[in-house]
Amino acid sequence: MAYIPLMIDISGKTITVVGGGKVAERRVNTLTGYGADIHIISPEVTDSLYSLYEQGKISWDRRIYDTKDAQEASLIIAATDDTAVNWSVKRNAPAHALLNMAEEAEAGDVIFPGTLHRGRMTISVSSGGASPGLVSSMLKELDHKYDNNYKAYVDFLYECRKLIKHSAVTGDEKKRLLKDLLSDEYLNAGRQQEVLDWLKS
Ligand SMILES: C[C@@]1(CC(=O)O)c2cc3[nH]c(cc4nc(cc5[nH]c(cc(n2)[C@H]1CCC(=O)O)[C@@](C)(CC(=O)O)[C@@H]5CCC(=O)O)C(CC(=O)O)=C4CCC(=O)O)c(CCC(=O)O)c3CC(=O)O
Ligand SMILES: NC(=O)C1=CN([C@@H]2O[C@H](COP(=O)(O)OP(=O)(O)OC[C@H]3O[C@@H](n4cnc5c(N)ncnc54)[C@H](O)[C@@H]3O)[C@@H](O)[C@H]2O)C=CC1
């Protein structure tokens, strides 16, 4: 097994989640909000999944998995508490689909990292299945280190980069300007505004 991190556009794709328990709930929480069509197959679901279903944010087939399911899916999450069912999901997955096996990471094509969001910035941590607990504690440290000011800071860097790219300054000067902005000084909203005003002038 050899896993590489990728940012994937899942908008408009179908994601089938087999199982509706705690793990399915965690995966669905990770996957909602990206414009994918999330479909659950499970006789039971957690309260939180039920509420997403009631709000129309996910669809739900209230029944056990059938080997003909998930043929349209681009991503399949096998997350039942029945090992035989999870392996049947793997055996019957269409060749084009990526599979996440909750009970045995290395039997699947994809592993979910732990993730923090700061606006456009995503920080993901994976131990390759070695220790979700370590992932969780590292994320807590990162959450503290990169506080909520980083959302505005990342937006600011994005805005500056666009302005600098389209400005008349030379290649080396562009690089220097972009590098200078990578300082804690610019976490401050006032300093950000000064730079933006200057770049727009
Ligand atoms: C392989 C992987 C699944 C995959 O393929 O995606 C996987 C597998 C397993 N997790 C287990 C248990 C727990 N997982 C968590 C939490 C998280 N688990 C996540 C990811 C992954 N978990 C993938 C690998 C990630 C990597 O290591 O890089 C995180 C990062 C993201 C997410 O789930 O969305 C999220 C924390 C992020 C956050 O805090 O935000 C907690 C709670 C906690 O720690 O707080 C517990 C209970 C405590 C414990 O047991 O550690 C068990 C044992 C099951 C059993 O035996 O009952 C298995 C199965 C096995 O290892 O075989
Ligand atoms: N990847 C991870 O982070 C973790 C993985 N696990 C593993 O993930 C699996 C699921 O764990 P939990 O969500 O805690 O279990 P759970 O018991 O909370 O949920 C299991 C779900 O599967 C459904 N289900 C059972 N048979 C089914 C079938 N034939 N078709 C469709 N749905 C069916 C049940 O209705 C239930 O909704 C377990 O195998 C466990 O070992 C457990 C903890 C963490």
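All ligand and atom numbering here is 1-based and tracks the order in the structure. What you see is a predicted model; the values in this text were computed from it and never measured.
The Pro43 neighbourhood of ligand 2 comprises atoms 31 (C), 32 (N), 33 (C), 35 (O), with distances under 4.0 Å to a heavy atom of that residue. Counting atoms of ligand 2 from 1 in the listed order, those under 4.0 Å from a heavy atom of Ala79 are 10 (C). Here is the list of ligand 2 atoms found below 4.0 Å of a heavy atom in Ile41: 31 (C), 32 (N). Short contacts between ligand 2 and Tyr65, defined as distances under 4.0 Å to a heavy atom of the residue, involve ligand atoms 28 (C), 30 (N), 31 (C). Within the listing of ligand 2, atoms 22 (O), 23 (C), 32 (N) sit less than 4.0 angstrom from a heavy atom of Gly19. Those atoms of ligand 2 that come under 4.0 Å of a heavy atom in Ser42, given as number and element, are 23 (C), 31 (C), 32 (N), 34 (C), 35 (O), 37 (O). Each of the atoms 1 (N), 2 (C), 3 (O) of ligand 2 lies under 4.0 Å from some heavy atom of Arg27.
Ion pairing between Glu194 and Arg191 holds under the 4.0 Å rule for side-chain N and carboxylate O.
Every N/O-N/O distance between Val18 and ligand 2 stays at or above 3.5 Å. At least one N or O atom of Val23, backbone or side chain, sits closer than 3.5 Å to an N or O atom of ligand 2. Inclusion of Asp82 in the set of residues having an N or O under 3.5 Å from an N or O of ligand 2 is not warranted.
Counting heavy atoms only, Gly21 comes closest to atom 21 (C) of ligand 2 of the residues Gly129, Gly21, Gly114, Ala24. Across Val135, Asp81, Leu49, Thr83, heavy-atom proximity to atom 25 (C) of ligand 2 is greatest for Asp81.
Side-chain atoms of Glu141 and Ser137 include no donor-acceptor pair closer than 3.5 Å. Donor-acceptor pairing under 3.5 Å is recorded for the side chains of Asp9 and Ser11.
For NZ of Lys175, the number of neighbouring non-hydrogen atoms (other residues, nucleotides, ligands) closer than 6.0 Å is 12 at most. Around the OH atom of Tyr146, the shell of radius 6.0 Å holds no more than 12 heavy atoms that belong to other residues, nucleotides or ligands. At most 12 heavy atoms of other shown residues, nucleotides or ligands fall within 6.0 angstrom of atom OH in Tyr53.
Ring orientation note: the planes of Tyr34 and His117 are tilted relative to one another, at an angle of 30° to 60°.
Heavy-atom separations between Glu104 and ligand 2 are all 4.0 Å or longer. Not a single heavy atom of Pro132 sits closer than 4.0 Å to an atom of ligand 2. Using a 4.0 Å cutoff on heavy atoms, Arg26 counts as a contact of ligand 2.
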Candidate pair Lys22 and Glu25, rule salt bridge (Lys or Arg N to Asp or Glu O under 4.0 Å), full reasoning: CA-CA 5 Å; Lys22 291 186 298 292; Glu25 177 182 313; over 6 Å; no
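Residue Val85 touches ligand 2 through its side chain alone, judged by heavy-atom distances below 4.0 Å.
Screening Leu31, Leu99, Val28 for a side-chain contact (heavy atoms from CB on, under 4.5 Å) involving Ile77 leaves a single residue, Leu31.
No side-chain heavy atom of Val110 sits less than 4.5 Å from a side-chain heavy atom of Ile8.
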